[in-house]
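On a predicted model such as this, the values are computed, not experimentally measured, just so you know.
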Amino acid sequence: EFGGRLSEGAVAYPPDRVWGGIPTMAGQMPLLPMACLFPGDPERTYLKTWELNILDTGIGMDFTSALVAGLAQALVVEEDWDEVFQSMLNTDPYAYNEVPWVERRFKRWLGRALEIGRGDYESTAVFFSELENRMEAETWWEAHVPMTITFAILEYADYNPIAAMQLSLEFGRDTDSTAQLMGAFLGAVYGLEIWSEEIREPVERELNVQYGVTVEDLLEVFSGE
């Protein structure tokens, strides 16, 4: 009731008022696992993600759905980042790419991320400064921010997963938002093998101790078995 400001029977506030009208990455946090339900079917993944997304507004809907569609494709390709990128750009059931006079925001920010990552920098500090300056971020949880950080760093790190994850932590800001997206894509593209058994074992053990589930339990949920 927002402190009693809405009386009984009053018209609700408009949805685009959420987050002050800023398209956020809120839907990206819970909906990335949708890719596991439709591996290799990015369009169906996009539409189902959109259908379930009650968290985002505006272009945030397209960002979340496109990213999850890319993950669905990443699950079935052999470490082919170009195919993943093309899947995100070309999966467009609501025709954002065809809107006249304006560029699809997702295309703009994916392109900018890769452009930033391909720059020639004298140091990582200079790269970080360029990344921050060209983000045009009002907040660090806007729809385009985690994906711009993720793909700029991946490009800068030559798609080395461990180096990219380390750099994302060093860049800072809203690191959990970046980590969930970067981790999802690295897991989908490279699989479990990027982590040594020494690193995986305590995580799997504590998952069972603290939450009463195993990795195998989670895989069964997502596979529908």
Side-chain angles (χ1 to χ4, degrees), residues 25 27-49 52 63-91 106 109-110 113-114 117-118 145-171 174-225:
M25 44 61 61
Q28 296 172 33
M29 300 291 274
L31 294 173
L32 297 180
M34 287 288 294
C36 300
L37 301 179
F38 311 107
D41 192 346
E43 180 152 336
R44 189 179 180 196
T45 303
Y46 183 109
L47 291 170
K48 284 295 183 180
T49 301
L52 292 175
F63 273 74
T64 295
S65 295
L67 288 165
V68 184
L71 281 173
Q73 188 67 13
L75 290 169
V76 300
V77 301
E78 293 294 329
E79 300 185 16
D80 188 338
W81 284 98
D82 285 339
E83 185 170 341
V84 173
F85 293 147
Q86 289 306 310
S87 176
M88 291 191 287
L89 292 171
N90 295 331
T91 303
F106 184 86
W109 285 106
L110 179 58
L114 298 178
R118 291 167 184 159
V145 171
M147 64 162 285
T148 304
I149 296 172
T150 290
F151 295 123
I153 287 178
L154 281 168
E155 182 69 28
Y156 178 77
D158 199 23
Y159 297 90
N160 180 305
I162 302 300
M165 285 186 281
Q166 178 64 38
L167 286 169
S168 72
L169 292 175
E170 292 177 2
F171 181 73
D174 194 1
T175 51
D176 63 323
S177 299
T178 305
Q180 51 86 28
L181 188 62
M182 181 177 287
F185 273 93
L186 291 175
V189 173
Y190 297 115
L192 193 63
E193 291 71 24
I194 63 174
W195 300 107
S196 67
E197 181 64 28
E198 182 181 13
I199 293 175
R200 298 201 309 264
E201 192 279 328
V203 174
E204 293 176 355
R205 181 182 66 246
E206 290 305 311
L207 183 68
N208 192 17
V209 169
Q210 296 186 37
Y211 298 99
V213 297
T214 65
V215 173
E216 288 73 22
D217 293 334
L218 297 177
L219 290 175
E220 287 181 8
V221 169
F222 289 116
S223 66
E225 296 179 0

From Q180 atom CD to T178 atom OG1, the distance as rounded to the nearest 0.5 Å: 8.0 Å
With E83 via side-chain hydrogen bond (donor to acceptor under 3.5 Å, both in side chains) - residues at least two apart: Q73
Contacts of type side-chain hydrogen bond (donor to acceptor under 3.5 Å, both in side chains), residue Q166, not counting sequence neighbours: E170
Taking every non-hydrogen atom, the tightest pair across P30 and G27: CD-O, 3.3 Å
By side chain to side chain contact (heavy atoms under 4.5 Å, CB included) - contacts of L52 (at least two apart): L31, M34
Going by atom type alone, with no hydrogens or angles, which donor-acceptor pairs under 3.5 Å involve a side-chain atom of residues 146-153 and a protein atom two or more places apart or on another chain?
unit_1: T148; atom_1: OG1; unit_2: H144; atom_2: O; d: 2.6
unit_1: T150; atom_1: OG1; unit_2: P146; atom_2: O; d: 2.8

CA sep, side-chain torsions, deciding dist, call: K48, L37, side chain to side chain contact (heavy atoms under 4.5 Å, CB included): CA-CA 10 Å; K48 284 295 183 180; L37 301 179; over 6 Å; no
Residues which pass side-chain hydrogen bond (donor to acceptor under 3.5 Å, both in side chains) with S65, listed by chain and number, not counting sequence neighbours: none
Taking every non-hydrogen atom, the tightest pair across A164 and L154: CB-CD2, 3.6 Å
Derivation of the side chain to side chain contact (heavy atoms under 4.5 Å, CB included) call for L71 and L32: CA-CA 8 Å; L71 281 173; L32 297 180; 3.8 Å; yes
Residues forming a side chain to side chain contact (heavy atoms under 4.5 Å, CB included) with A163, sequence neighbours excluded: A157, N160
Residue pair P39 / C36: nearest heavy atoms and the distance that separates them: CD-O, 3.4 Å
Rounded distance (nearest 0.5 Å) linking atom CZ of F85 with atom CG of D80: 10.0 Å
Side-chain donor/acceptor pairs under 3.5 Å, residues 186-195, sequence neighbours excluded:
unit_1: Y190; atom_1: OH; unit_2: W81; atom_2: NE1; d: 3.0
unit_1: Y190; atom_1: OH; unit_2: Y159; atom_2: O; d: 2.9

Value rounded to 0.5 Å, distance of CE in M182 from OG1 in T175: 11.5 Å
side-chain hydrogen bond (donor to acceptor under 3.5 Å, both in side chains) partners for T91, two or more places apart: none
Side-chain heavy-atom pair V84, M88 within 4.5 angstrom cut-off: yes
Side chain proximity check, W109 to V145, heavy atoms < 4.5 angstrom: no
Distance (rounded to the nearest 0.5 Å) between S87 OG and D82 CG: 12.5 Å
Qualifying salt bridge (Lys or Arg N to Asp or Glu O under 4.0 Å) pairs, either residue in residues 199-209, two or more places apart: E197-R200, E201-R205
F106 side chain near L67 side chain, heavy-atom distance below 4.5 Å: yes
Residue pair M25 / F63, side-chain heavy-atom distance below 4.5 Å: no
Qualifying salt bridge (Lys or Arg N to Asp or Glu O under 4.0 Å) pairs with a residue from residues 151-169, counting only residues at least two apart or across chains: R118-E155
Any residue meeting side chain to side chain contact (heavy atoms under 4.5 Å, CB included) with T45, in chain and number order, not counting sequence neighbours: F38, T49, V68, A72
